[in-house]
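One structure is given here, and the rest of the page talks about it.
Scope of the values below: all heavy atoms of this structure, side chains included, with no hydrogens, waters or symmetry mates. Note that ligands are numbered from 1 as they come in the structure, with each ligand's atoms numbered from 1 the same way. Numbering starts at 1 and runs along the sequence shown.
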Amino acid sequence: MADKMKIVAITGDHEASVLEADLPVPGRGQIRMRVEGCALCTFEQRMFTGVVPVPLPFIGGHEVAGRIDAIGEGLKPEDYPIGKRIAARTFYSCGHCYGCRHDEGNLCTNGSEQDKSWMAYPGIGGLEQYMLINPDMVFFMDDGLPLEKACFAEPLACVLNSIEKGRIEIGDDVVVIGGGIMGQLHVMCAKVQGARVIMSEPDEARRELARELGADVVIDPTACDAVETVKELTGGDGAAVVFNTTAVSAVAQQAIGMVAKLGRVIMYSSQHPDEPIEVSPNWLHNSEAVITGAVSPSLRSFRRSCDALSKGIIDPGKLVSGVFGIDDCQKAFEAAIRPDTFRCIIKL
Ligand SMILES: [Zn+2]
Ligand SMILES: [Zn+2]
């Protein structure tokens, strides 16, 4: 009889349960990861609340950290030492599509090719005590890094992909719109890159946190005209870089209004609903501004995220809102969907 492991699955509307499954055995070239912790991202929250319908039971979990537990044939133990602290990039890159062949694996269109035959139920697999991963998904982290911080490898990697597109230079004015977890991570990263950081966020507690994390100026867009305020703060020029981390189209429109000539606007978050916004071709012509997006972590940004966390360059400790045991998974999901929490982590 196969050994068993515990998994956390979404089993109903607003319902998470602990189930059991066979312990997966690593095949040739595969690594078994002992998942020690998994943070509950918006993705998992949308499935828990039924906003995104999924086949049940469903196993979410992509913000994972743990240790190498076993390796399959063909891999050398010196390359993948048992017990080594790792994070896994669960986003699949096929290696042969248009995005992958441009070295941008986050733009891969063939995610469905990923082999999930070892999973008992559909999903990603990070909310299982053990998952099978390929060597290209493994990212080493410092063995002493606390588990809660290691769980930020994936979300910080998403943000670093965005930060890269902002091409921040020392002295730049950078606006971060939205003080949720992704906005707060943008604040920390932009600060490290030498920017004056302006955070626009209606909630006072989130503005206060942004200040603690390094924001130089915080503005309340419900109490002022955010575009005008940014213009005033920047001597009429606008900001060199604007990151929009909110899902609101009207705010995406504001982001474009705030940017300086030659500036960059990065649409970081997905939009719900996805209402079109207006952009003047003549304004683009005359300003040479760039409007772009950032989606998922690249291989590059994942590596840098693990380094930044391991070296303490980015410390996400203030963004941990709760750590829950596996048997408290229902409580963890309920806490995660509250608007006043950032990241809730399940210890597996
Ligand atoms: Zn995530
Ligand atoms: Zn691909």
task: Before giving the answer on salt bridge (charged side-chain N to carboxylate O under 4.0 Å, His left out), spell out for Glu148 and Arg343 the whole-Å C-alpha distance, their side-chain angles and the decisive distance to 0.1 Å.
output: CA-CA 9 Å; Glu148 311 85 81; Arg343 270 299 179 271; over 6 Å; no
- prompt: Are Glu44 and His62 close enough that a side-chain donor and a side-chain acceptor fall under 3.5 Å?
  reply: yes
query: Have Ser17 and Thr11 got a donor and an acceptor in their side chains that come within less than 3.5 Å?
result: yes
message: Only to 10 degrees, please: what angle do the SG atom of Cys97 and the SG atom of Cys100 make about the Zn ion (ligand 2)?
response: 110°
task: Verify the cluster assignment for Val192 and Leu156: are they in a single hydrophobic cluster under the rule of side-chain heavy atoms below 4.5 Å apart?
output: yes
The Zn ion (ligand 2) reached by His96 (N, O or S, under 2.8 Å): no
query: Closest N/O/S atom of Glu63 to the Zn ion (ligand 1), by atom name?
result: OE2
message: Nearest 10°: the angle subtended at the Zn ion (ligand 1) by His62 NE2 and Cys41 SG?
response: 100°
